[in-house]
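These numbers were taken from a predicted model, which means no experiment stands behind them. Below, read A as the first sequence line, B as the second, and so on, with proteins coming before strands; counting in each chain starts at 1.
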Amino acid sequence: MKLSQMFFVTLREEPSDAEVRSHALMVKAGFIHKLAAGIYVYGPLMWRVLRKVETIVREEHDRAGCQELLMPALQPREIWDESDRWDRYVADGILYHFQDGRGRDVCLGPTHEEVITDFVKARLTSYKQMPFTLYQIQTKFRDEIRPRFGLMRGREFVMKDAYSFDVDAETMAKSYQMMREVYRRIFSRCGLRFTPVEADAGAIGGSGSEEFMVDADTGEDAIAVCHDTGYAANVEKAVSRIPAPPEPPAEVAMHKEPTPNAKSCDDLLALFPDLPVERMLKTVIYKVTWADREAPVAVMARGDRELNEVKVLNHLDALNVELADEKLVKEVTGAEVGFAGPIGLKDGVRLLADASVEGVKGFLCGGNETDTHYLDVWFGRDLEQPETVDFGLVQEGDQTVDGNGTITITRGIEVGHIFQLGTKYSESMNLRFAAEDGKLGPAWMGCYGIGISRTAAAAIEQGHDENGMIWPLPIAPYSAMLIQMRHGDEVQDALAQEMHDALEGAGIDVLWDDRKQGAGAKFKDADLIGVPLRIVVGRDAKDRRVEWKPRSGGETEVIGADEAIERVKAAVAEARSA
RNA sequence: CGGGGCGUAGCGCAGCUUGGUAGCGCGCCUGCUUCGGGAGCAGGAGGUCGGAAGUUCAAAUCUUCUCGCCCCGACCA
């Protein structure tokens, strides 16, 4: 492809509203164009990248025996009522839903468990048909509360979703393991550094679940990893072992302490310098929402620990958990914000505790009275210990649960997520088959997603420098770039044309910068769009010699034109055989 | 949803306080010269200042409403 014939526009300046490198570079290089918040046009170069990612995704799914199909983005409400997810998705505000011309509720699919289940239900009758896995690559719609970071979190994005169907839990786990390997191969072939982590299943539901995180400091997800034990989990899901609390010097009777304006553990540490923070128990008031009601819930935790709202939400089987506002806190505790505690809460308020309170003796806690705390409180003596569950947020430096390693917190971009759904959808939507013994039972499902557009953005997040993108060869918009220094120079024209034809003839996608531009503009643009293999056709063209100048850096070499072609062929062949 | 900020040429911005016929850089068009890290000179095109209403002789500028975009969001009882 000649660059002079391409609709190719790059910007001199970076957009002022881009917060992350991938976003800024994609806009500057003309790869994407924002139509509205979280909605983008994929320009020709971007689309080539997306198609390459898709090709790898297809090849690996097909290799594993999965079958591609295409489901509609427009979906009727009825199937969402069957699975009982319409209300939840509407409440979350994530679903694009509206009424059609005849007043029927429809939505734009944020995911396709309902549609696939409906499709399979009409055809699945016997255990003999399983196992099988179906997948599609399609545009998804999610009305994100806050779209951001360019393609990282859009309201419309390209996703691959796959669904496996099995006769029982055991074979479902096998399908899941197979897909796990498919995912590893996909992200490896894309040239990405990534970490699979244990994950919370969220709104999709089901039992086991893992996320594939591209390692990047700008990632939206925090992950807990332990290099000693190999443990890796999203912090939403992660568990750890924390140090035991210090023993109090003596058993003292519970009493009230005046604590004017001491609303946080830091304030209290200033008032009680001798009291370890581990012996302060905080009580957080949450506003919890279920499908049919809303109620305040108080959760206790040790002063040095943080609560994980996802764990609270899962334990309560709620739709939403958020910190209570000032008004609700006053109503529940009868005090200003900052003095909530387990003793004297309004009647009927459910009290829970994080496992970190276990074994804490003689502690300080809020008095449910402004400017007042209780000190030297003992569970069992002064009050019953509330229902205690692990609600803790794993912190840097925690031990793994087995005590064999130390946890570090890093960040990642979630590009893939796989779930063992079990029978959640097959039961609610009545997807049954006859087993070997003739009995009817629900199919066992798994579901597996990859954000295609997000994967491309993550690749830039991981591969760039101050001059622009640096694409991994397998997903680069073009594998190779010919940079011709002087437009109209007969010798250069001839050699560049010859090399271009030779590469295209070998099935290699090559971009030829034949524009009438200065050298600086050509090099800047080449750096910006980040094509990995680069050949400069310049002053040595008369000797059939060119410069070998890979985007990732290293010394520029002057080599023969034929050798340059061989190098490109070899690099591309290696990438394809991976 | 709450808080903050911003909408002026394709892109990045100034002008607004103190109303008076809209400016800069990049990009674009034409010509000449250049040609190895975003070339130079000369000439030129391009904007109902997000939208609506109001105040005024006069509104990008003041007022009200509205739409859009960006950022932040309880650290913790």
| task | Report which part of the nucleic acid Ala36(A) touches: base, sugar-phosphate, or nothing (heavy-atom distance under 4.0 Å, all strands). | result | sugar-phosphate
| field | Atom pair distance, as rounded to whole Å: CZ in Arg551(A) and C1' in rG37(B) | value | 13 Å
| note | Winner on side-chain proximity to Leu323(A), out of rG36(B), rC76(B), rG37(B), is rC76(B)
| field | Ring centroid separation Tyr374(A) to His255(A) under 6.0 Å | value | no
| query | NA contact type, Thr283(A), heavy-atom cut-off 4.0 Å: base, sugar-phosphate, or nothing? | reply | base
| query | Expressed as a whole number of Å, how far does the P atom of rC65(B) sit from that of rG2(B)? | reply | 15 Å
| query | What integer number of Å spans the C1' atoms of rC35(B) and rC49(B)? | reply | 40 Å
| Could you give the CG-to-C1' distance, from Leu268(A) to rC75(B), as a whole number of Å? | 15 Å
| query | If you look at every strand shown and take non-hydrogen atoms under 4.0 Å, does Lys330(A) touch a base, only sugar-phosphate, or nothing? | reply | nothing
| Minimum-distance nucleotide to Val284(A) side chain [options: rG12(B), rA74(B), rC76(B)] | rC76(B)
| query | So, Asp465(A) and Arg21(A), do they make that salt bridge, N to O below 4.0 Å? | reply | no
| task | Determine the interatomic distance between P on rU61(B) and the same-named atom on rU21(B); round to the nearest Å. | result | 14 Å
| said: Using whole Å, what does the distance between atom P of nucleotide rG36(B) and atom CE of Met481(A) come to? | reply: 17 Å
| query | Looking across every strand, which nucleic acid part, if any, lies under 4.0 Å from Ala521(A) by heavy atom: base, sugar-phosphate, or nothing? | reply | base
| task | Starting from P on rC28(B), measure out to CZ on Arg515(A) and report it in whole angstrom. | result | 10 Å
| query | Considering only rG25(B), rG36(B), rC71(B), which nucleotide approaches the side chain of Phe523(A) most closely? | reply | rG36(B)
| field | Same-atom distance (C1') from rG12(B) to rG54(B), integer angstrom | value | 33 Å
| Comparing Arg305(A) and Pro147(A) on RNA chain B - which has the more 5′ nearest nucleotide | Pro147(A)
| Is Arg454(A) close enough and on-axis enough to Phe157(A), meaning under 6.0 Å and within 45°, for cation-pi? | no
| said: Before you tell me yes or no, could you show the steps for Glu144(A) and Arg155(A) under salt bridge (charged side-chain N to carboxylate O under 4.0 Å, His left out), namely the whole-Å CA-CA distance, both residues' side-chain angles and the distance that decides it to 0.1 Å? | reply: CA-CA 6 Å; Glu144(A) 293 285 348; Arg155(A) 295 193 290 165; over 6 Å; no
| query | rC67(B) and rC28(B): how far apart are their P atoms, nearest whole angstrom? | reply | 38 Å
| remark: Paired to rU34(B) by Watson-Crick or G-U wobble criteria (both distances under 3.5 Å) is none
| query | With no angle test and no hydrogens, is the base of rG12(B) tied to the side chain of Glu14(A) by a donor-acceptor pair under 3.5 Å? | reply | no
| request: Kindly confirm or rule out a cation-pi arrangement of Arg293(A) over Trp290(A), judged by NZ or CZ under 6.0 Å from the six-membered ring centre and within 45° of its axis? | output: yes
| task | Give Ile285(A) one of three labels, base, sugar-phosphate or nothing, depending on what nucleic acid heavy atoms sit under 4.0 Å from its own. | result | base
| So what does Lys287(A) hit on the nucleic acid, given a heavy-atom distance under 4.0 Å: a base, only sugar-phosphate, or nothing? | nothing
| message | If you assign each of Arg148(A) and Leu281(A) to its closest nucleotide in RNA chain B, which residue comes earlier from the 5' end? | response | Arg148(A)
| Using a cut-off of less than 4.0 Å, is there contact between a side-chain N or O of Lys34(A) and OP1 or OP2 of rG68(B)? | no
| request: Among rG25(B), rC76(B), rG36(B), find the nucleotide with the atom closest to the side chain of Ser264(A). | output: rC76(B)
| task | Could you let me know what rG27(B) is paired to, Watson-Crick or G-U wobble, both distances under 3.5 Å, or none if it's on its own? | result | none
| task | Determine which nucleotide pairs with rU61(B), using a 3.5 Å limit on both distances of a Watson-Crick or G-U wobble pair. | result | none
| Option from Val225(A), Ile413(A), Val197(A), Val415(A) for which side chain to side chain contact (heavy atoms under 4.5 Å, CB included) with Met213(A) holds | Val197(A)
| field | Gap between atoms CE and C1', on Met485(A) and rU34(B) respectively (whole Å) | value | 14 Å
| task | Answer yes or no: side-chain N or O of Lys524(A) and base N or O of rG36(B) forming a donor-acceptor pair under 3.5 Å. | result | no
| note | Across every strand shown, the nucleotide meeting Watson-Crick or G-U wobble geometry with rA9(B) (both distances under 3.5 Å) is none
| task | State the pairing partner of rG2(B); accept Watson-Crick or G-U wobble contacts with both distances under 3.5 Å, and report none otherwise. | result | rC72(B)
| said: At 4.0 Å (heavy atoms only), tell me whether Gly338(A) reaches a base, stays on the sugar-phosphate, or touches nothing. | reply: base
| Taking atom C1' in both rG44(B) and rC57(B), what distance in whole Å separates the two? | 36 Å
| Within 45° cone of Trp512(A) ring axis and under 6.0 Å: Lys2(A) NZ or CZ | yes
| rC1(B), rC69(B), rA74(B): which one has an atom nearest the side-chain heavy atoms of Ala37(A)? | rC69(B)
| field | Euclidean distance for P, rG3(B) against rG40(B) (whole angstrom) | value | 49 Å
| request: Counting heavy atoms from C-beta on, name the nucleotide in rG36(B), rG25(B), rA74(B) closest to the side chain of Ala519(A). | output: rG36(B)
| Which value, in whole Å, describes the distance between the P atoms of nucleotides rC62(B) and rG15(B)? | 12 Å
| task | Searching all strands shown, indicate the nucleotide that pairs with rC16(B) (Watson-Crick or G-U wobble; both distances under 3.5 Å). | result | none
| request: Quickly work out the Glu326(A) CD to rG2(B) P distance and round it to whole Å. | output: 17 Å
| said: Counting distance alone, no hydrogens or angles: does the base of rG36(B) have a donor or acceptor under 3.5 Å from a partner atom on the side chain of Glu547(A)? | reply: yes
| field | Base partner of rC49(B), which must satisfy Watson-Crick or wobble distances under 3.5 Å | value | none
| request: Report yes or no: do Thr259(A) and Asp371(A) form a side-chain donor-acceptor pair below 3.5 Å? | output: no
| query | Nearest to the side chain of Lys549(A), which nucleotide is it out of rC70(B), rC11(B), rG37(B)? | reply | rG37(B)
| Roughly, in whole Å, what's the span from CZ in Phe149(A) to C1' in rC71(B)? | 10 Å
| field | OP1 or OP2 of rC70(B) under 4.0 Å from side-chain N/O of Ser16(A) | value | no
| said: Using the side-chain heavy atoms of Glu306(A), tell me which of these nucleotides is nearest: rC76(B), rC71(B), rG37(B). | reply: rC76(B)
| Pick from Tyr40(A), Phe31(A), Tyr42(A): which one makes a side chain to side chain contact (heavy atoms under 4.5 Å, CB included) with Met26(A)? | Phe31(A)
| message | Students often get this wrong, so: under 4.0 angstrom with heavy atoms, is Gly518(A) touching a base, only sugar-phosphate, or nothing? | response | nothing
